[in-house]
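Please read the structure below before turning to the comments.
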Amino acid sequence: MNINYTIKNNLCTGCGICEGACPTSSISMSVKNGIFIPVLNGDSCISSNGCHRCYDTCPGIGIDLQKMAEKSFYSPEIQEDEKIGKYINCYTGHSNEYDIRYHCASGGVLSQFLIWLLEKKIIDGAVVTSFDPNFELWVNSYIAKSKEEILAAKSSKYAPVTLNQAIDDIKKDEGKKFVIVGLPCHIHGFRKYEVLDKKFKDKILGYFGIYCSSGRSFNMTEYIFNSRSLPLQNLSYFSYRDEGCLGSMKIVYTDSLDIFKEEYTSYYKLRSIFVPHRCMFCIDHFNELSDVSFGDIHISPYKEDKIGINSIVSRTPFFDKLLNDAAKENIISLNLLDKDTLIASQIMSKKKERNGTFMKVANFLGQKTPSYDYRCNDKQKVKSIVAYFHTKIQMFVGFHKSLWFLIPLIKNK
C-alpha cells in the first residue's frame, strides 16, 4: 500500500506529510483543481519492497483518535469530553499587545504565545503558514524564528495548506526544539509520523492546533477575486481576516494606494461551496491531538467584542503552565472558560455526529471513507443525510468553474 490508495479513493487532505515521510523522495505536492495532491514517482518508489511509510503516516485514511490521544495525553489532570476530547483547561484570552490582538485572528493569543516562547528561548522556531504574494498560490509554510516571521503568518488562511517541507526543514536543525502549527489533518499526520521517527519526535516540543470546520480550495480565493474584478497580480498583502475579531478581508497592491476591504460576513457563506471532498468526513473540530488548540468564540458576551478574543484548549500540564506563565507576565490575558460554553460557541462542534453520518451515506454509495475509532451517535440523522446531498451539490458547483455563475443563487440558500 502507498499514497496511491489515498489519491485513488479521493481521501487526500493535501497535508504533504507523505512527501516528508518518503525515504526515497518519490513524492512531491502539486495543485489540481484548487487543492494540493501528492504525485508519486513510481520509478523510485520502493513500496514493492515493503515500504509503506507514506500510507502509514497518511491522515487521509483515518486515525485511531482515542488511542493516539491516550498515548499523547495521560496526566492525572486530564479531563475528557466527547466533543472536545481530552483537555486540562479551557480558556478565553487575548494578546495584551493591541496591534497583535487587533490584526491577528480572534485575539492573537497564538501569535503572541509563539513570540513569547521564542523570546524566552523555550523553542527555536515554529512551523507556520503565511499568504505570500510571490508564491504559486499565495501560501507558504516555513519555520519562523523571529517575531516578524511569526506575525507574517498571522490570521486565518481559507485555503489549502501543505506542510510538505516541515519534516526535512526540522531535521536539518540539529539540537533544536520546535512547535508545529496546523489543522487537525496536519497534526494527525505528524502524530502518526513521529511513531516511525523518534529523532523527529524528540525535536518537537509541541503541536499547536487551529479549530477547523472544514478546509477550502484555492478556487474560493480565485472566485472572490474574479467576482469582484480584482487582479491577481501585483499583490503586496492579502488577508481573509484583519482588523478586529471576525475582521475584514483586506487586499493591498504594490502599484496602487487603494486598499480593498470587505466585511467577513459578506463572503463567509461561500465557504461551504468550496469544501474539499475529504473534509466532509473529518470528525475533529477542536484539533484533539494538539497540545494546545486555538479558535474563535461565537457566543455572548464574547462575540460583542470587536477587537479580538480567543478560545483556547490546553491538553498538557507543560503548556498549560506556560500559558499561565505568559499571563502572569502580562503578555496575554487568560480566563477560565466552561467547556459547555465553548462547545455552544462552535457551530461545527457537531462534526463527529454529522460527518459520521456523512461517512455512512458515502459507504452506502460505494465510496471509501476514513477509518476512526470513535463516532458519536447522531441524533439528527435525517437532517445530516439531507445536509450531505446539499453539501455535495454546492461542492459540485464550486469545483466546476463553468458553473460559478450559479454561486450568487445558492450561497444564501
Side-chain angles (χ1 to χ4, degrees), residues 69 72-73 75 77-81 83-97 100-118 120 122-123 126 128 150-151 153-156 179-184 186-187 205-213 241 244-247 284-303 305 307-349:
S72 304
F73 313 119
S75 164
E77 303 169 56
I78 284 287
Q79 305 177 67
E80 189 163 6
D81 178 87
K83 294 184 185 295
I84 299 173
K86 293 184 180 296
Y87 70 99
I88 290 179
N89 282 308
C90 302
Y91 299 100
T92 59
H94 58 77
S95 167
N96 286 338
E97 187 173 330
I100 292 178
R101 181 182 178 186
Y102 185 63
H103 290 290
C104 298
S106 309
V109 173
L110 173 54
S111 297
Q112 188 71 78
F113 191 42
L114 287 174
I115 292 166
W116 183 78
L117 291 171
L118 279 172
K120 287 285 186 179
I122 296 170
I123 62 173
V128 297
I150 292 290
L151 292 179
K154 65 181 173 60
S155 198
S156 301
V179 160
I180 295 178
V181 180
L183 298 173
H186 298 123
I187 308 305
L205 193 67
Y207 297 103
F208 288 0
I210 312 296
Y211 306 168
C212 186
S213 56
R241 290 175 60 182
C245 195
L246 290 178
D284 186 2
H285 174 72
F286 286 102
N287 219 320
E288 295 181 29
L289 296 183
S290 62
D291 295 278
V292 190
S293 299
F294 302 84
D296 298 321
I297 180 159
H298 299 304
I299 196 169
S300 294
Y302 309 104
K303 68 178 182 180
D305 178 89
I307 306 172
I309 295 181
N310 280 108
S311 60
I312 304 122
V313 181
S314 67
R315 293 191 172 86
T316 66
F318 177 75
F319 279 108
D320 190 72
K321 180 180 183 301
L322 287 174
L323 281 166
N324 282 279
D325 287 347
K328 289 175 184 176
E329 293 186 20
N330 203 33
I331 302 299
I332 59 174
S333 292
L334 208 60
N335 296 286
L336 284 170
L337 175 68
D338 177 77
K339 74 174 180 69
D340 293 327
T341 303
L342 173 61
I343 292 168
S345 77
Q346 302 292 314
I347 189 171
M348 286 306 294
S349 62

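Quantities reported herein were computed from a predicted structural model and do not represent experimental measurements.
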Q) Are D291 and V179 close enough that some pair of their side-chain heavy atoms sits under 4.5 Å apart? A) no
**Q.** Backbone of R241 reached by a side-chain donor or acceptor of S155 within 3.5 Å
**A.** yes
(Q) Quick one: does any side-chain atom of R101 pair with a main-chain N or O of G308 as donor and acceptor, under 3.5 Å? (A) yes
Q) Would you say Y91 and D320 make side-chain contact, with heavy atoms under 4.5 Å? A) yes
Q: Apply side-chain hydrogen bond (donor to acceptor under 3.5 Å, both in side chains) to S311 and list each qualifying residue two or more places apart in sequence or on a separate chain.
A: Y211
Q | S290 and I210: CA distance, side-chain angles, deciding distance, side chain to side chain contact (heavy atoms under 4.5 Å, CB included) verdict | A | CA-CA 9 Å; S290 62; I210 312 296; over 6 Å; no
Q. Of the non-hydrogen atoms in G93 and I312, which two are nearest, and what is the gap between them?
A. N-CD1, 3.9 Å
(Q) Would you say that V181 contacts F294 through its side chain, given a criterion of any heavy-atom pair below 4.5 Å between the two side chains? (A) no
Q | L114 versus A126, closest heavy-atom pair with distance | A | CD2-CB, 3.9 Å
Q. How long is the span from the SG atom in C245 to the CD1 atom in I297, to the nearest 0.5 Å?
A. 9.5 Å
Q) Hey, what do you get for NZ (K328) to CD1 (I331), rounding to the nearest 0.5 Å? A) 14.0 Å
**Q.** Contacts of type side-chain hydrogen bond (donor to acceptor under 3.5 Å, both in side chains), residue K339, not counting sequence neighbours
**A.** D81
Q: Output the distance between atom OG1 (T316) and atom CD1 (I78), rounded to the nearest 0.5 Å.
A: 8.0 Å
Q: Tell me yes or no: between the side chains of N89 and S314, is some donor less than 3.5 Å from an acceptor?
A: no
Q: State whether the side chain of Q79 and the backbone N or O of I88 hold a donor-acceptor pair below 3.5 Å, judged by distance alone.
A: yes
Q. Which value, rounded to the nearest 0.5 Å, describes the distance between I122 atom CD1 and F113 atom CZ?
A. 7.0 Å
Q) Does a donor on one side chain and an acceptor on the other come within less than 3.5 Å for N287 and S293? A) no
Q: Start with the C-alpha distance between L246 and H298, add both sets of side-chain angles, then the distance that settles side chain to side chain contact (heavy atoms under 4.5 Å, CB included), and finish with yes or no.
A: CA-CA 10 Å; L246 290 178; H298 299 304; 3.1 Å; yes
Q: Taking all heavy atoms of F286 and all of I84, pick out the closest pair and write down the distance.
A: CD1-CA, 3.9 Å
**Q.** Residue list, side chain to side chain contact (heavy atoms under 4.5 Å, CB included) with A153, at least two apart or on another chain
**A.** V128, S130, Y142
**Q.** CD1 on I100 to OG on S111, rounded to 0.5 Å
**A.** 7.0 Å
Q. Counting distance only, does the side-chain N/O of N310 pair as donor-acceptor with the main-chain N or O of V109 below 3.5 Å?
A. yes
**Q.** Pairs flagged by ring-ring contact (aromatic ring centres under 6.0 Å, His included) wherever residues 307-346 is involved - sequence neighbours left out
**A.** F208-F319
Show which side-chain atoms of residues 340-348 pair as donor or acceptor with protein atoms under 3.5 Å away, not counting sequence neighbours.
from: S345; atom 1: OG; to: L342; atom 2: O; distance (Å): 2.6
from: Q346; atom 1: OE1; to: H285; atom 2: NE2; distance (Å): 2.9
from: Q346; atom 1: NE2; to: D296; atom 2: O; distance (Å): 2.9

Q) Considering residues at least two apart in sequence or located in another chain, which fulfil the side-chain hydrogen bond (donor to acceptor under 3.5 Å, both in side chains) criterion with K154? A) Y237
Q.
Test your reading of the model: is there a side-chain donor-acceptor pair from R315 to the backbone of K86, 3.5 Å cut-off?
A. yes
Q | Reported OH-to-CG distance for the pair Y302 and N335, which is rounded to 0.5 angstrom | A | 7.5 Å
Q) Looking only at heavy atoms, which two atoms of L323 and I332 are closest? And how far apart? A) O-CD1, 3.7 Å
